[in-house]
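Notes follow once the structure below has been shown.
These numbers come from the heavy atoms of this one structure, side chains and all, not from hydrogens, waters or symmetry mates. Just so you know, these numbers come straight off a predicted model, no measurement behind them. Here, residue 1 is the first one in the sequence, and each next residue gets the next number.
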Amino acid sequence: MTKGKFAMHHTLFAIYTHPRETWIQQKGFLHERIIPMVKSQPGFMSGTWTYDSKESRSYGCVKFGTELEARALEAFLRDEATRQNPMGVAMISIVVTEVVGEASAT
């Protein structure tokens, strides 16, 4: 394990496809349900959700204090991906990685 400031932090990256015709509803669901749910998870540190309109794909990046905390969300999202999604959202990939560095403007 790496020693130092980032030794315990892990990030979950998830990629989803979205039908263009339901994107407005999906965006509302993201802000009303998904982001608050993720923020309430143990060890949550930060999250960013982006959307590529050309490919109709979303990219989520969520940082947690430990690998175990990131893996808990990964397990939940993998389980959710097995269920029928009424808006046609589908997981492309999900991975948990160790944070080895970061930068910010402050």
Side-chain angles (χ1 to χ4, degrees):
M1 178 182 286
T2 305
K3 293 186 178 193
K5 183 177 179 181
F6 306 107
M8 300 288 290
H9 300 172
H10 279 72
T11 302
L12 177 142
F13 291 95
I15 304 172
Y16 291 85
T17 60
H18 301 267
R20 287 175 180 22
E21 61 274 8
T22 61
W23 172 241
I24 298 298
Q25 293 91 344
Q26 294 166 41
K27 188 175 176 183
F29 189 76
L30 171 69
H31 288 278
E32 295 167 13
R33 302 281 305 276
I34 295 172
I35 292 173
M37 181 274 297
V38 171
K39 284 176 64 175
S40 73
Q41 298 305 298
F44 172 83
M45 297 178 76
S46 64
T48 302
W49 290 263
T50 64
Y51 179 69
D52 176 353
S53 60
K54 183 177 177 184
E55 298 294 326
S56 196
R57 289 184 180 186
S58 67
Y59 300 81
C61 175
V62 184
K63 186 167 78 169
F64 287 91
T66 69
E67 180 179 7
L68 186 62
E69 293 160 342
R71 297 257 178 231
L73 181 58
E74 176 191 30
F76 173 79
L77 294 175
R78 285 190 186 282
D79 184 56
E80 285 296 305
T82 66
R83 294 172 172 49
Q84 178 85 19
N85 186 293
M87 288 190 269
V89 177
M91 181 188 291
I92 295 174
S93 69
I94 189 167
V95 63
V96 171
T97 60
E98 181 182 0
V99 176
V100 296
E102 59 186 345
S104 66
T106 56

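More than 12 heavy atoms of other residues, nucleotides or ligands shown are found within 6.0 angstrom of CZ on R83.
To the nearest 0.5 Å, the span separating NZ on K63 from CD on E102 amounts to 3.0 Å. For the atom pair OG of S58 and NZ of K27, the computed distance is 12.5 Å after rounding to the nearest 0.5 Å.
Between the side chain of R57 and the backbone N or O of T50 there is no donor-acceptor pair closer than 3.5 Å.
Ring geometry for H18 against Y51 counts as perpendicular: the plane angle is over 60°, on a 0 to 90° scale with 30° as the lower cut.
A donor-acceptor pair shorter than 3.5 Å cannot be found between the side chains of T22 and Q25.
The minimum heavy-atom distance between G88 and P19, with the atom names listed, is O-CD, 3.3 Å. In terms of heavy-atom proximity, E69 sits nearest to G65 at OE1-N, 3.3 Å.
Every salt bridge (charged side-chain N to carboxylate O under 4.0 Å, His left out) that R71 has, sequence neighbours left out, goes to E67, E74.
Residue V89 shares its hydrophobic cluster (ILVMFWY side chains chained together at separations under 4.5 Å) with L12, Y16, F29, L30, I34, I35, M37, V38, F44, W49, V62, F64, L73, F76, L77, M87, M91, I94, V96.
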